[in-house]
A.B. asks: 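A single structure is presented below for examination.
Computed from a predicted model, the values in this text were never measured in an experiment.
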Amino acid sequence: MEHNIDQATKNYTIFCDLDGTLWEQGDPCEIAKPGYQPKIIHGTVDKIREWDSKGFKIILTTGRKESLREVTVKQLAYAGIVYDQLIMGIGGGFRVLINDKKPNNVNSAFVYMPQRNEGISGFNL
């Protein structure tokens, strides 16, 4: 899926959820157990590295509690997922991104919602 956002500006910030998006949705009771490693969805690491190599800012978001930060950071490192920021504890409800339009009336935000556990490999900028 390609999106035609202001292609003259490649200054993208990508907000990306973890569970069910980068790796398969796991049992919430299991994720904090020692040695638990989420199952990475095919194409995730390649897509994240592609975005990183293009200089995109990658902000990972999750409904996981802040108390799970240390284990989550370790899981991300083990999986080889690079990022600029990790925002924890945002809850599992609806998420809304509010952003203004560029002066030339070009949209400066959009949403891509893959099915749970489908991953991000089919998303292209």
Side-chain angles (χ1 to χ4, degrees):
M1 172 179 270
E2 291 250 353
H3 290 278
N4 190 12
I5 297 182
D6 188 1
Q7 294 298 319
T9 305
K10 296 285 188 173
N11 186 15
Y12 297 130
T13 299
I14 298 172
F15 292 86
C16 192
D17 184 46
L18 291 180
D19 297 295
T21 306
L22 297 185
W23 50 48
E24 290 186 8
Q25 182 70 41
D27 180 343
C29 297
E30 298 291 317
I31 61 175
K33 289 186 177 177
Y36 175 80
Q37 190 57 41
K39 183 177 179 189
I40 304 300
I41 297 171
H42 178 73
T44 293
V45 175
D46 290 339
K47 184 57 71 174
I48 293 288
R49 288 184 179 162
E50 173 191 322
W51 292 340
D52 184 57
S53 72
K54 291 179 177 180
F56 298 171
K57 184 169 181 122
I58 301 167
I59 301 175
L60 302 181
T61 62
T62 183
R64 291 180 176 201
K65 294 181 180 294
E66 182 64 40
S67 61
L68 294 173
R69 179 174 292 275
E70 185 177 336
V71 70
T72 302
V73 167
K74 286 179 182 176
Q75 290 168 349
L76 288 163
Y78 180 82
I81 296 174
V82 297
Y83 59 94
D84 295 289
Q85 240 178 311
L86 174 62
I87 301 174
M88 306 281 297
I90 63 170
F94 288 99
R95 294 161 188 181
V96 178
L97 172 65
I98 300 173
N99 207 71
D100 65 321
K101 287 188 176 226
K102 300 270 185 206
N104 57 0
N105 208 32
V106 171
N107 290 338
S108 59
F110 61 89
V111 64
Y112 173 67
M113 290 189 303
Q115 294 297 318
R116 176 165 281 177
N117 299 334
E118 181 182 295
I120 58 173
S121 64
F123 180 66
N124 296 303
L125 290 171

A.B. asks: Can you confirm whether more than 12 heavy atoms, excluding those of Tyr36, are under 6.0 Å from its OH atom?
C.D. replies: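 Enclosed.
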A.B. asks: In Å, rounded to the nearest 0.5 Å, how long is the span from CZ of Phe56 to OH of Tyr12?
C.D. replies: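 Atom-to-atom, Phe56:CZ and Tyr12:OH are 6.0 Å apart.
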A.B. asks: Of the non-hydrogen atoms in Gly119 and Pro114, which two are nearest, and what is the gap between them?
C.D. replies: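 Answer, listing the atom of Gly119 first, then Pro114: O-CB, 3.3 Å.
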A.B. asks: Any side-chain heavy atom of Phe15 within less than 4.5 Å of one from Ile90?
C.D. replies: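 Of all side-chain heavy-atom pairs linking Ile90 with Phe15, none is under 4.5 Å.
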A.B. asks: So, taking the atom named OG1 in Thr21 and the one named CD in Gln115, what distance separates them when rounded to the nearest 0.5 Å?
C.D. replies: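 Reported value, rounded in 0.5 Å steps: 11.0 Å.
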A.B. asks: Kindly compute the distance separating CD1 (Ile48) from CG (Leu76), expressed to the nearest 0.5 Å.
C.D. replies: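 The CG atom of Leu76 is 9.0 Å from CD1 of Ile48, to the nearest 0.5 Å.
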A.B. asks: Do side-chain atoms of Asp84 reach the backbone of Ile58 as a donor and acceptor pair under 3.5 angstrom?
C.D. replies: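 Yes, the answer is positive, given that a donor and an acceptor are paired below the 3.5 Å cut-off.
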A.B. asks: What heavy-atom pair brings Ile59 and Thr13 nearest, and what distance separates the two atoms?
C.D. replies: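 Result for this residue pair: CD1-CG2, 3.6 Å.
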A.B. asks: Measure across Ile41 and Glu24 and return the closest heavy-atom pair with its distance rounded to 0.1 Å.
C.D. replies: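 Scanning both residues completely, I find the closest heavy atoms to be CG1-N, 3.7 Å.
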A.B. asks: So does Glu30 have more than 12 non-hydrogen atoms from other groups sitting under 6.0 Å from CD?
C.D. replies: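 Yes, because the 6.0 Å sphere around CD of Glu30 holds more than 12 heavy atoms from other groups.
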A.B. asks: After noting the C-alpha distance and the side-chain angles of Asn124 and Lys47, does the key distance pass the side chain to side chain donor-acceptor pair (under 3.5 Å) rule?
C.D. replies: CA-CA 9 Å; Asn124 296 303; Lys47 184 57 71 174; 2.7 Å; yes
A.B. asks: Restricting to non-hydrogen atoms, name the atom on Cys16 and the atom on Leu22 that form the minimum distance, rounded to 0.1 Å.
C.D. replies: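 Minimum heavy-atom contact is SG-CD2, 3.5 Å.
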A.B. asks: Should we count CZ of Arg116 as having more than 12 external heavy atoms under 6.0 Å?
C.D. replies: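 Not buried by this count: 12 neighbours or fewer within 6.0 Å.
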A.B. asks: Mind listing the closest non-hydrogen atom pair of Leu97 and Ala109 along with its distance?
C.D. replies: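 Minimum heavy-atom separation between Leu97 and Ala109: CD2-CB, 3.7 Å.
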A.B. asks: What closest approach, in Å, do Pro38 and Arg64 show between heavy atoms, and which atom pair accounts for it?
C.D. replies: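 The pair with the smallest heavy-atom distance is CG-NH2, 4.3 Å.
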A.B. asks: Evaluate the ring planes of Tyr112 and Phe123, with Trp represented by its six-membered ring, and classify them as parallel (under 30°), tilted (30 to 60°) or perpendicular (over 60°).
C.D. replies: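 Parallel: the ring planes of Tyr112 and Phe123 meet at under 30°.
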A.B. asks: Within the side chain of Gln37, is there an N or O that forms a donor-acceptor pair under 3.5 Å with the backbone of Gln75?
C.D. replies: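 Between the backbone of Gln75 and the side chain of Gln37 there is a qualifying donor-acceptor contact (under 3.5 Å).
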A.B. asks: I'd like to know if the side chain of Asp19 reaches the main chain of Gly26, judged simply by a donor and an acceptor atom lying under 3.5 Å from each other, with no hydrogens or angles considered.
C.D. replies: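 Not confirmed, Asp19 side chain does not pair with Gly26 backbone.
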A.B. asks: Are Leu60 and Val73 connected in a single hydrophobic cluster, I mean Ile/Leu/Val/Met/Phe/Trp/Tyr linked by side-chain heavy atoms less than 4.5 Å apart?
C.D. replies: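 Yes: a chain of side-chain contacts under 4.5 Å links Val73 to Leu60.
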